[in-house]
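Heads up, the thing below is written out as structure tokens.
Note that this is a predicted model, so its numbers are computed, not measured. Atoms within a ligand are numbered from 1 in the order they appear, just like the ligands themselves.
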Amino acid sequence: MIDENCIFCKIANGEIPSKTVYEDDDFRVILDLGPASKGHALILPKDHYNDLYELTDDLTGKAFILAKKISILLKKKLNCEGLNLVQNNGRTAGQTVFHFHIHIIPRYNDDQQKIGWKPQEVTQEELEDTLQKIFES
Ligand code: 5GP
Ligand code: ZN
């Protein structure tokens, strides 16, 4: 299903042109217009899903297998020294376009980018509390 108001639906289905790296029946992979690095690509399903929570199991499997395929392609063709997969869900997590996508970000020793988090301290009790919350019925 396509959302008429969604820019990634339009791009994924070719209504808006994009720099396309790969396309099949389910996905289009495009170059990001605000790249973190050379070759920063986005995997977009052609159907509209807001985020990972909504994506079907079938497409989830296919999307991550495709991410591996494109990662190997970019590594080979662009000679990146590393690569991050990033997938944001929700505004709090940095999602700005609410159509599921996976970022594939080639990394270079001199790219000056920082993708990560500040590790927090945690006690055994806090870890135990987290587990209890996850397992409680
Ligand atoms: P998010 O923050 O939602 O995880 O990532 C959205 C990404 O989409 C950003 O990296 C942004 O640069 C990219 N983006 C937003 N609009 C367009 C567009 O029209 N074309 C392309 N190729 N990328 C876009
Ligand atoms: Zn969409």
Side-chain angles (χ1 to χ4, degrees):
M1 213 79 111
I2 288 163
D3 179 337
E4 298 288 322
N5 299 311
C6 172
I7 183 154
F8 277 6
C9 278
K10 293 195 171 90
I11 292 173
N13 291 281
E15 269 182 63
I16 294 177
S18 62
K19 299 289 186 211
T20 295
V21 173
Y22 172 91
E23 184 183 4
D24 63 23
D25 288 347
D26 298 315
F27 298 98
R28 183 186 294 269
V29 182
I30 63 168
L31 294 179
D32 194 303
L33 273 186
S37 66
K38 187 178 181 66
H40 182 165
L42 299 171
I43 296 184
L44 312 179
K46 290 187 172 180
D47 281 340
H48 183 87
Y49 301 91
N50 281 318
D51 47 36
L52 182 64
Y53 315 120
E54 287 190 356
L55 195 67
T56 64
D57 285 356
D58 178 50
L59 285 177
T60 301
K62 286 177 174 169
F64 280 91
I65 289 169
L66 182 55
K68 177 185 171 182
K69 188 192 281 212
I70 302 298
S71 296
I72 290 168
L73 175 75
L74 295 180
K75 181 177 188 300
K76 190 170 159 203
K77 299 290 187 166
L78 300 180
N79 290 316
C80 52
E81 280 104 9
L83 187 143
N84 294 109
L85 292 186
V86 176
Q87 201 281 303
N88 300 324
N89 298 283
R91 220 174 289 281
T92 304
Q95 186 176 10
T96 58
V97 181
F98 293 85
H99 174 122
F100 172 88
H101 52 279
I102 301 174
H103 296 260
I104 303 178
I105 306 175
R107 300 299 306 278
Y108 306 92
N109 289 337
D110 60 354
D111 68 23
Q112 311 274 352
Q113 288 291 357
K114 202 165 175 355
I115 295 163
W117 56 89
K118 196 167 138 239
Q120 308 289 298
E121 298 210 344
V122 70
T123 63
Q124 288 301 312
E125 289 71 28
E126 285 166 331
L127 292 175
E128 199 52 53
D129 178 67
T130 304
L131 279 188
Q132 270 185 25
K133 288 200 162 66
I134 290 169
F135 289 125
E136 81 190 358
S137 44

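Only the side chain of Ile7 comes within contact range of ligand 1, with a heavy atom under 4.0 Å; no backbone atom does. Counting heavy atoms closer than 4.0 Å to ligand 1, residue His101 contributes side-chain atoms (C-beta onward) but none from N, CA, C or O. When non-hydrogen atoms are compared, ligand 1 lies under 4.0 Å from the backbone of Leu33 as well as from its side chain. Under 4.0 angstrom from ligand 1, there are no non-hydrogen atoms of Ile16. Only side-chain heavy atoms of Phe8 come within less than 4.0 Å of ligand 1; its backbone N, CA, C and O stay farther off. Heavy atoms from both the backbone and the side chain of Thr96 come within less than 4.0 Å of ligand 1.
By the 4.5 Å heavy-atom criterion applied to side chains, Phe27 and Leu44 are not counted as neighbours. Side-chain atoms of His48 and Cys9, non-hydrogen and from C-beta on, do get closer than 4.5 Å to each other. Between Lys75 and Pro106, the closest side-chain pair of non-hydrogen atoms is not below 4.5 Å. Inter-residue side-chain proximity for Asn84 and Arg107 is flagged as met; some heavy-atom pair is nearer than 4.5 Å. Under the 4.5 Å side-chain criterion, counting only non-hydrogen atoms from C-beta, Gln87 is in contact with Phe100. Counting heavy atoms from C-beta outward, Val97 and Ile7 have side chains that approach closer than 4.5 Å.
Our summary of the site lists the angle at the Zn ion (ligand 2) between ND1 of His48 and SG of Cys6 as 110°, to the nearest 10 degrees. The Zn ion (ligand 2) forms the vertex of an angle spanning SG of Cys9 and ND1 of His99; to the nearest 10 degrees it equals 110°.
Around atom CG of Asp24, more than 12 heavy atoms belonging to other residues, nucleotides or ligands sit under 6.0 Å away. For NZ of Lys10, the number of neighbouring non-hydrogen atoms (other residues, nucleotides, ligands) closer than 6.0 Å is greater than 12.
Within the structure, the closest approach of Val86 to ligand 1 does not fall below 4.0 Å when heavy atoms are considered. Residue contacts with ligand 1 do not include Ser18, since none of its heavy atoms lies under 4.0 Å from the ligand.
Residue Val97 places at least one N or O, backbone or side chain, under 3.5 Å from an N or O of ligand 1.
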Practice problem: Evaluate the side-chain contact (heavy atoms from CB on, under 4.5 Å) criterion for residues Asp51 and His99: first the C-alpha distance (whole Å), next the side-chain angles of each, then the deciding distance (0.1 Å), finally the verdict. | Solution: CA-CA 6 Å; Asp51 47 36; His99 174 122; over 6 Å; no

Quiz item: Please walk me through it: do Phe8 and His101 pass ring-ring contact (aromatic ring centres under 6.0 Å, His included)?
Solution: CA-CA 9 Å; Phe8 277 6; His101 52 279; 5.3 Å; yes

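Short contacts between ligand 1 and Ile11, defined as distances under 4.0 Å to a heavy atom of the residue, involve ligand atoms 18 (C), 19 (O), 20 (N). Which parts of ligand 1 touch Gln95 is read off a 4.0 Å heavy-atom cut-off, strictly below it: atoms 3 (O). The His103 neighbourhood of ligand 1 comprises atoms 1 (P), 4 (O), 5 (O), 7 (C), 10 (O), with distances under 4.0 Å to a heavy atom of that residue.
Among all protein heavy atoms, the one lying closest to atom 22 (N) of ligand 1 is Leu31 O, 2.9 Å. Considering only non-hydrogen protein atoms, atom 12 (O) of ligand 1 sits nearest to Asp32 OD1, 2.5 Å.
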